Undergrad: 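Below are the structure tokens for one structure; questions will follow.
Since we're looking at a predicted model, the values are computed, not measured. Chain letters run A, B, ... following the sequence lines, proteins first, then strands; residues in each count from 1.
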Amino acid sequence: MAQQQHLYLVDGSSYIFRAYHRLPPLTDPEGTPVGAVYGYTTMLWKLADDLDKAEGPTHLAVILDKDSQSFRNEIYPEYKANRPEPPEDLRPQFPLIRDATRAFSLPCIEEQGLEADDLIASYARAAQREGWNVTIVSSDKDLMQLVGEVDGPNGPARIDMLDTMKSQRIYIPEVEEKFGVAPELVGDVLALMGDSVDNIPGIYGIGPKTASKLIAEHGSLTAALDQAPEMKTSKLKERLIEGRGDAELSRILVTLKEDCELPEPLDDFKLDGVPPEPLAAFLEKHGFTSLLRRLDAGKGSPDRPNNLNPVKQETASDKGAPEGNRQPMPEMPAVDRSAYETVQTIERLEHWVARAHASQQVAVDTETTSLDCMVCDLVGVSLALGPNDACYIPLGHGGSDMFAERPEQIEMSVALAVLKPLLENDAVVKIFQNGKYDLNVLARNGIEVSPIEDTMIISFDLDAGRSQDGIGGGHGMDELSERHLGHTCLSFKDICGTGKKQIPFAEVPLDKATEYAAEDADVTWRLFQHLKPRLAIEGGTKIYERVDRPLIPVVASMEREGIKVDRARLAKLSEEFATETARLEKEIHQLAGEEFTVGSPKQLGDILFDKLGYKGGRKGKSGQYSTDQSVLEKLSGEGADIAKLVLEWRHLAKLKSTYTDALQAQINPDTGRVHTSYSLVGAQTGRLSSTDPNLQNIPIRTAIGRQIREAFVPEAGNVLLAADYSQIELRLAAHMADVETLKEAFAAGEDIHSRTATEMFGEVTRDTRARAKTINFAILYGISRWGLAGRLEVEPDEAQAMIDTYFQRFPGIQRYIMETLETVRERGYSETLFGRKTWFPRINSKNQAERQGSERAAINAPIQGTSADIIKRAMARMMPALEDAGLGRVRMLLQVHDELVFELPEEDVEAASPIIEKVMAEAARPAVELSVPLGVEIGTGASWDAAH
DNA sequence: AAGGTCACG
DNA sequence: GACGTACGTGACCTTG
């Protein structure tokens, strides 16, 4: 049987734009910009390399746009009228794309009056008719219409897509995920939503969400438009009726022309696998030396100096680039996992350690039995000294039932004794990705690693907020590798499997384990070379060196300390909560007249509003009643006893499940304490976040909840000490916005909310002070009249009047807000007093809700972020200050944004308190001189509750 | 996996 | 004229 043919159609035009934005602005030896061409060339190379693979191409062609005019302009003159001119340094690269394609001896198709998309569609269909498979190399959403399968002469022939930037295959499920409908209906969705880039009108006011919902519901565009008159009265209905013409026009514009005449026959696209003659000359001419080396099959040859010249980049000018990483990048050979060494003898280990000493810079990664660094065992260590120059030292593989024989390995204690002097050597920098984890693992094995660098933290300090919906925060290694190195790492799943079939890393055969583990070190090393120079160029050095980098070992040590919790006390509370919730549940069922799941907001809503007939509105997309606290409180105030009981039930159920039950389960069997994990990159503003368990949200606001704090206790003979910054964010706002009245009030030690009440309402009462407090917070969070109105239960007009009064009484605030927004709009990021950047990619969004959300976050970020910087500096200085004073027994345990919790011998309290206070109060200095004092309140006691 | 709810600063 | 309206988090529950 004949081999299944597989045609790859490369959407060259769209690729080059994306490559331009993602790659550094490199120039070739003649000074021609070639960054995008380089990206394009490597992509072609990768595809050609896949020639013999199962999914690889047998035929390939590159399709380009000839010019911007097409038959669509005849139908609709405004088509693509909004397209901005391509950037200055991209224009000269277009002809080079053709050169590059020719250098590979690949066909390059373009046709007057036809867009690349139409040619691609026509070729794809033609090939499909022949029974071929087709892969469209593009991520253009318009092309997703083509994805799918038909029966060809020799069985099914499918069309899929490949996004080489994300290394993602796009088939029916991916299209359905993106559009919520099958590929055949994508055109209908596109017609409704329109496209601002191509200037396709769509229906005004309908975006991707509404569009896919409508099509999914009605089955087609025509059906949705036809049924509009029968819909219930709404804005959407009107829009559908009025926009019918626009939608029908858009439907034509987004339809791909699938019957273009083919300029060249399909058979001409056959790949022959012979390295083309002109390629070397092309690579040589443009200084693509690493590719040239690969062409020479000189794998593993030493690095030669690179011919490509990075262009100096002004940081302020790259706001438009989605990922914006447009800096010089040393060119490196592609990752070659076969180059890694498995170190199984002491001689080889000593050899690597000696080389690491000599190079003074080594990337390190540890492999363990679990993600929890406080319970895991060490399984192996990998080192990298350069690209592909990496090894894996297995230490804990095998030994279980499945592996009767332990593979040859160096004895753990022997290997650690050899590694320890290297890892503790002041003169050798150890590079990690998320080093806090490895620091804890190694510390538990008797090694105090120092000094360290951390690519995850560097990435955060450069790019916080930039990955918009990034899963995992956007600073994980796999993501960074994709983004900066264009390399896909082996995933843990690839090695260990998933679900029930998952095996522990310790049972992975050594050859596989080496590929995975050494690659991690290799990639970390490469990322460091790529990211570290950016710090200096983009102004990130200060925050990294002065705030975040010194904090890593400090936070690691806090995690290892943990905090003692009184298990018996929690158990008793759990029991009490259990009886009480059971009692409440019965009463609730009685009032409801039936049994139902009280914990189900859906069921509760139906009971309250349908069955019992209380008034309350439906909410949002799900069409479900809202039953949150504010709703229930309102009902309760109107005499609905059931609402009051549900509130009580929820309060107790929450405390039980989230705290009294969960915390008991989190007690570490070895230490008897609870060890949280802090994320240093969790919050875009620079705050820490806490997980497993979250110790930053232990109850304090209610008396019942505070009982949980009573279970956080010191060891015998010790006390807990809590030190809080008082009103730090308002103080910082007063300083940053330069508000004289507020600064004076803080200097005089006044109650700031009372002072605000005086300024705003002329008198201080319980009510005016409470209102003033709300307004003060509203200012910090980026105010809107509606938001404030909701909180204060007044009309928006009245809220606006208060905002006006506030701005008037505290001149400076309004200016701060305007100036902050202006700079964020212009540069794309906000900055704290210590230079921490937070990016706001949606600040200029055309979607109002999105834009306004970004605006509020941008107003808050410098304040919240500066506060985070300050407490981080205090934390980094705390233990040295205490040790200098002979107070080495004091242990710092927890951080809760503006609070630090310590455990110390009772007799040290007197000496330690003033030192702790001073370190915290002085933490901004000398980098920043604040015009307000930082107030610190300290308390001690036999529990965390008592320390407040 | 998502949405709702609620714990904290 | 409608949208949804306070910033930053994480955990648990129910439901699809």
Undergrad: Within the 4.0 Å heavy-atom criterion, would you say A:Asp692 contacts the bases, only the backbone, or no part of the nucleic acid?
TA: sugar-phosphate

Undergrad: Is the phosphate of C:dT5 approached by A:Arg856 (side-chain N or O, under 4.0 Å from OP1 or OP2)?
TA: no

Undergrad: Please give the distance between the C1' atoms of B:dA2 and C:dA6 as a whole number of Å.
TA: 24 Å

Undergrad: Is it true that A:Arg827 and A:Glu831 have a side-chain N and a carboxylate O under 4.0 angstrom from each other?
TA: yes

Undergrad: Under 4.0 Å, counting only non-hydrogen atoms across every strand here, what does A:Arg650 touch: a base, just sugar-phosphate, or nothing?
TA: sugar-phosphate

Undergrad: So that I know where these two stand, are A:Phe609 and A:Tyr625 an aromatic pair - ring centroids less than 6.0 Å apart?
TA: yes

Undergrad: Could you pick out which residue, A:Leu780 or A:Ala849, lies toward the 5' side of DNA chain C when each is mapped onto its nearest nucleotide?
TA: A:Ala849

Undergrad: Decide yes or no for A:Phe834 and A:Thr866: does some side-chain heavy atom of the first lie under 4.5 Å from some side-chain heavy atom of the second?
TA: yes

Undergrad: Once you apply a heavy-atom cut-off of 4.0 Å, does A:Arg239 come out as touching a base, just sugar-phosphate, or nothing?
TA: base

Undergrad: Which part of the nucleic acid, if any, lies within reach of A:Ile700 when heavy atoms closer than 4.0 Å are counted: base, sugar-phosphate only, or nothing?
TA: sugar-phosphate

Undergrad: Just need the stems in DNA chain C: three or more back-to-back Watson-Crick or G-U pairs, each with both distances under 3.5 angstrom, sorted by first number.
TA: B:1-9 with C:7-15

Undergrad: By the 4.0 Å heavy-atom rule, please label A:Glu729 as base, sugar-phosphate, or nothing.
TA: nothing

Undergrad: With a 4.0 Å cutoff (strictly under), does any side-chain N or O of A:Gln696 reach OP1 or OP2 of C:dA11?
TA: no

Undergrad: Given the structure, check if the side chain of A:Gln848 and the base of C:dC3 hold any donor-acceptor pair shorter than 3.5 Å.
TA: yes

Undergrad: If you look at every strand shown and take non-hydrogen atoms under 4.0 Å, does A:Ala662 touch a base, only sugar-phosphate, or nothing?
TA: sugar-phosphate

Undergrad: Please state the P separation for the pair C:dA2 and B:dA7 - nearest whole angstrom.
TA: 35 Å

Undergrad: Using a heavy-atom cut-off of under 4.0 Å over every strand shown, decide if A:Gln852 touches base, sugar-phosphate, or nothing.
TA: base

Undergrad: Between C:dC3 and B:dC8, how many Å separate the two P atoms, rounded to a whole number?
TA: 33 Å

Undergrad: Closer than 4.0 angstrom, basic N to acidic O: yes or no for A:Asp461 and A:Lys837?
TA: no

Undergrad: Please classify the nucleic acid contact of A:Asn694 as base, sugar-phosphate, or nothing, using heavy-atom distances under 4.0 Å.
TA: sugar-phosphate

Undergrad: Please work out if A:Thr627 contacts a base, only the sugar-phosphate, or nothing of the nucleic acid, heavy-atom cut-off 4.0 Å.
TA: sugar-phosphate

Undergrad: Hey, are A:Glu798 and A:Arg785 close enough for a salt bridge, meaning a charged N less than 4.0 Å from a carboxylate O?
TA: no

Undergrad: Categorize A:Thr774 for me: base, sugar-phosphate, or nothing, with a 4.0 angstrom heavy-atom threshold over every strand shown.
TA: base

Undergrad: Under 4.0 Å between a side-chain nitrogen and a carboxylate oxygen: does that hold for A:Glu729 and A:Arg687?
TA: yes

Undergrad: Would you indicate what A:Ile698 reaches in the nucleic acid, counting non-hydrogen atoms under 4.0 angstrom: base, sugar-phosphate, or nothing?
TA: sugar-phosphate

Undergrad: Compare the minimum distances between each of B:dA7, C:dT15, C:dT5 and the side chain of A:Ser600, then state the nucleotide with the smallest one.
TA: C:dT15

Undergrad: Given C:dG8, C:dG10, C:dT5, which nucleotide is nearest the side-chain atoms of A:Ser689?
TA: C:dG10

Undergrad: Within the structure, does a side-chain N or O atom of A:Arg701 lie under 4.0 Å from either OP1 or OP2 of B:dG9?
TA: yes

Undergrad: Answer with base, sugar-phosphate or nothing: what part of the nucleic acid does A:Ser679 contact at a heavy-atom distance below 4.0 Å?
TA: nothing

Undergrad: Do A:Glu822 and A:Arg825 sit within salt-bridge range, that is, some charged N less than 4.0 Å from a carboxylate O?
TA: no

Undergrad: Base, sugar-phosphate, or nothing: which does A:Thr691 touch, judged by heavy atoms less than 4.0 Å apart?
TA: sugar-phosphate

